[in-house]
Amino acid sequence: MMLFEPVRDAVRALRVNIMRSVLTTLGIIIGVGAVIVMVAVGAGAEAQVAEIINSMGADLLYVFPGSTTSRVRLGAGSLPTLNEDDAEAIQKEILEVEVVAPYIRGRAQIIAGNQNWSTAVIGVTPEYFEAREWSLDNGKSIAAEEFRGNSKVVLVGNTVAQNLFPGQDPSDSVIRINRVPFKVAGVLQAKGYSMGGWDQDDLVIIPMAPARKKVLGERALSGRLVNGIAVKVISPELVSSAEKEIRELLRQRHRLRPSQENDFWIRNQAEALESRAESSRTMSLLLAAVASVSLMVGGIGIMNIMIVSVTERTREIGLRMAVGARRHDILMQFLTEAVALSMIGGLIGILLGVAGSMAFTAFGDWPAIIQPSAIAIAFTVSAAVGIFFGFYPARKASRLDPIEALRRE
């Protein structure tokens, strides 16, 4: 009974001034709700980055041709310096490399029946699918003999399939790429948008020989030149060392002097994506810290109201002491009231935070993942705020002189 008496007295005191109690807890409600929402948004952002990493490959390197200068400096890829021989050298000489896939790239108009769509055309070798870890949604992959025989078969991305064959399975259908007929073997598994914002599913993939000779025509690179090389490393931990060795190997193969710049560049997927993930984590912590200010403001509000409450109930305190209440009992009574205010605000804040996170998931661009640990921490902090900011008013009440308190009007 001694344990529940302060709780009963606290609830009774709070019910006397319900509106004041609700207004007092607003800071705690807003603070707890905001912390939960911000942490959920941050977790959702990290999950989105992890999904992009999985779709693009944390163990994947891309080697692109460099830039050239002719009066003005042209962009990356304007100097055709990479070829299939470079890809073969990387595969043979770099031990950290698992598979290497050179490719050429262009754009073309795709026609299927009365539908047409402009998209990217990628000419690849069989190793490309292993390097990108790209499986199929339906249909079948391009067989090795079809690559060797320069067969006119194609795999279409999800975006292309939806635009050319809405609601249908395009497998075994015939499409025309720049007026050249190709048979659709299957549909690639959806990968979504890349870190740069381009749709990875808006493409078609065909063997390199027909892409170079029949589809891209004069726009294709001559001979064995390629637009890029995808390099899959044995494990993500070896990506940095593999990147360094590839750079040294290509400089040696291209006979570049120490004073010369690279005529190629390498994009490290893992570093770029990890940088974005770190930015998301930093922003989440910043937002959570800003939201935590509301908890401090709410705590100050609780302390202010409790001081007012002590002043208003001075005669009650004196009367309690006169009939035998100890200082400890008065301290616990007012401290319990402060904690009750804070915890009630915390519970309401949790409900609003969860509802806000679900609304953000429904209407936002990425999912807000509710973290049970964030809920537990927010509730614990709200209780701690009640204890910290409620202790001074409670101590002040417990140290009142009974006689002086009874004299107070």
Side-chain angles (χ1 to χ4, degrees), residues 1-36 288-353 372-409:
M1 292 299 293
M2 294 295 293
L3 178 64
F4 292 102
E5 279 183 9
V7 177
R8 183 191 62 193
D9 294 339
V11 172
R12 185 185 298 122
L14 295 177
R15 288 176 60 188
V16 172
N17 295 292
I18 293 180
M19 183 57 68
R20 186 170 73 178
S21 300
V22 171
L23 293 175
T24 302
T25 59
L26 275 180
I28 300 296
I29 292 172
I30 294 171
V32 170
V35 167
I36 291 173
V290 171
S292 299
V293 174
S294 294
L295 287 173
M296 302 300 293
V297 173
I300 294 172
I302 288 175
M303 183 170 65
N304 183 45
I305 291 299
M306 292 308 301
I307 291 174
V308 172
S309 181
V310 170
T311 303
E312 291 177 346
R313 297 158 61 186
T314 300
R315 285 177 60 82
E316 175 193 331
I317 295 168
L319 184 59
R320 283 178 176 271
M321 289 182 169
V323 296
R326 297 167 298 172
R327 293 184 184 277
H328 175 74
D329 298 324
I330 302 299
L331 177 70
M332 288 301 299
Q333 177 189 349
F334 282 90
L335 189 58
T336 303
E337 286 184 28
V339 173
L341 274 173
S342 185
M343 292 180 70
I344 290 171
L347 288 172
I348 298 173
I350 288 171
L351 294 176
L352 291 178
S373 59
I375 294 176
I377 292 171
F379 183 73
T380 303
V381 169
S382 69
V385 164
I387 295 173
F388 181 80
F389 287 98
F391 182 78
Y392 172 74
R395 185 173 180 274
K396 180 180 178 181
S398 68
R399 290 187 172 271
L400 287 175
D401 182 86
I403 298 175
E404 292 295 329
L406 286 171
R407 286 177 181 173
R408 188 77 60 86
E409 291 295 333

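In this chain, residues are counted from 1 in sequence order.
In this structure, I28 CD1 and I344 CD1 are separated by 12.0 Å, a value rounded to the nearest 0.5 Å. The structure places CD1 of I375 at 5.0 Å from CD1 of I36, a figure rounded to the nearest 0.5 Å. Going from atom CG of L26 over to atom CD1 of I348 covers 9.0 Å, rounded to the nearest 0.5 Å. The distance from atom CG of L347 to atom CG of L352, rounded to the nearest 0.5 Å, is 11.0 Å.
Between the S342 side chain and the A338 main chain, no donor and acceptor come within less than 3.5 Å of each other. S382 contributes a side-chain N or O that, together with a main-chain N or O of F379, makes up a donor-acceptor pair within less than 3.5 Å.
Closest non-hydrogen pair, A397 versus M321, comes out as O-CE, 3.9 Å. Nearest heavy-atom pair, R399 versus R327, reported as atom, atom and distance to 0.1 Å: CA-NH1, 2.9 Å. Residues L335 and G390 share a closest heavy-atom pair of CD1-C, 3.8 Å.
When each of K396, R326, R395 is checked for a side chain to side chain contact (heavy atoms under 4.5 Å, CB included) with L331, only R395 meets the rule.
The shortest distance between side-chain heavy atoms of M303 and P393 falls below 4.5 Å.
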